Amino acid sequence: MRADSVVILDFETTGLSPDQGDRAIEIGAVRLINGEVKDQFQALMDPGFRVSSFIESYTGISNQMLSQAESCKQVMNEFADYIGDDNLIAHNASFDSRFLNAELMRIGRQTVGNFSCSLLLSRRIFQDADSHKLGELIRYANIPSSGGFHRALYDAQMTSQLWLALLNDIAVRYDLHDLSFAQIQKICKTPKGAIDKLLNKWAQI
DNA sequence: TGCCAGGCCCTCTTTAGGGCCTT
């Protein structure tokens, strides 16, 4: 595993729960190596049934578009190859990890890397943000955006820029650079009120 | 026919409830 290589991913899906029969309909991802976007992955996938009008409207992904897409099995096999053994990041990772695991389980594959969450990290680092929705955080961090949210690749690209902004904020405020993935996961599990103490302690080491 | 999740986090908490976030 390349310690400095992470894949930031985002799923569009037919609903909120794979346990209730919901499936992935699009995957988007970018790979960061040493803090720079090096490559990307995007694919629509046909879940095998019609998606609701709500999902068509919410994502802009129509049933007609999905009818011409490859199957979930084909796409997820390609995506599993793309991920390799890299660590993974998503905004509200508990959601995307559930769909990733469910789709990979269907084809007898699984991930190797660890997952981290830009939502949890932003709640600790951008504590003053009015909202921790992805779009609101992009505005809060003054990240340039065309506003085209709710497509997988675009959301993954925005999440990668948010992730870099969070790491940059930690570097500037605490003079902490090159945090390990394990350290970032530790931050995500630390109560908000204890973040200053933790990061100042690390900065002194 | 009708209904539909789950993890995190705060607080008027911990023998619980409700808001936030994801599609």
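Proteins come first, then strands; the chains are lettered A, B, ... in the order of their sequence lines, and each starts at number 1. Model, not experiment: these values are computed from the prediction.
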Which is true for Leu119(A) with a 4.0 Å heavy-atom rule: it touches a base, it touches only sugar-phosphate, or it touches nothing?
-> sugar-phosphate
Would you kindly compare Asp19(A) and Phe54(A) by the position of their nearest DNA chain B nucleotide and give the one closer to the 5′ end?
-> Asp19(A)
How long is the line joining CZ of Arg98(A) and P of dC21(B), in whole Å?
-> 16 Å
Let me know the distance between CZ of Arg123(A) and P of dC20(B), rounded to the nearest Å.
-> 10 Å
Mind calculating the distance between CD1 (Ile27(A)) and P (dT22(B)) to the nearest angstrom?
-> 16 Å
Kindly determine whether Ser122(A) and His132(A) satisfy side-chain hydrogen bond (donor to acceptor under 3.5 Å, both in side chains), including the steps that lead there.
-> CA-CA 7 Å; Ser122(A) 68; His132(A) 294 85; 4.7 Å; no
dT23(B) P sits how many Å from Ile61(A) CD1, rounded?
-> 11 Å
Candidates dC21(B), dT23(B), dC4(B) - which lies nearest the side chain of Asp10(A) = dT23(B)
Could Asp22(A) and Arg98(A) be called an ion pair, given the rule that one side-chain N must be under 4.0 Å from one carboxylate O?
-> no
Indicate every side-chain donor-acceptor pair of residues 137-152 of chain A with a distance under 3.5 Å to a residue at least two apart or in another chain.
from, atom 1, to, atom 2, distance (Å)
Arg139(A), NH2, Glu136(A), OE2, 2.8
Ser145(A), OG, Gly147(A), N, 2.9
Ser145(A), OG, Tyr154(A), OH, 2.8
Ser146(A), OG, Tyr154(A), OH, 3.2
His150(A), ND1, Tyr58(A), OH, 3.3
Arg151(A), NE, Glu26(A), OE1, 3.0
Arg151(A), NE, Glu26(A), OE2, 3.3
Arg151(A), NH2, Glu26(A), OE2, 2.8

Nearest-Å distance once atom P is located in both dC10(B) and dC3(B) | 33 Å
Which is true for Asp22(A) with a 4.0 Å heavy-atom rule: it touches a base, it touches only sugar-phosphate, or it touches nothing?
-> nothing
Sorted by number, the residues of residues 128-142 of chain A with heavy-atom contact under 4.0 Å to DNA chain B | Ser131(A), His132(A), Lys133(A), Leu134(A)
Report yes or no: is the cationic atom of Arg31(A) (NZ for Lys, CZ for Arg) closer than 6.0 Å to the six-membered ring centre of Tyr82(A), at no more than 45° off its axis?
-> yes
Send over the distance from Leu100(A) CG to dT22(B) P, rounded to a whole Å.
-> 18 Å
Among the nucleotides dC8(B), dT23(B), dG6(B), whichever has the atom closest to the side chain of Leu120(A) is dC8(B)
How far does the C1' atom of dT23(B) sit from the matching atom of dG17(B), given to the nearest Å?
-> 25 Å
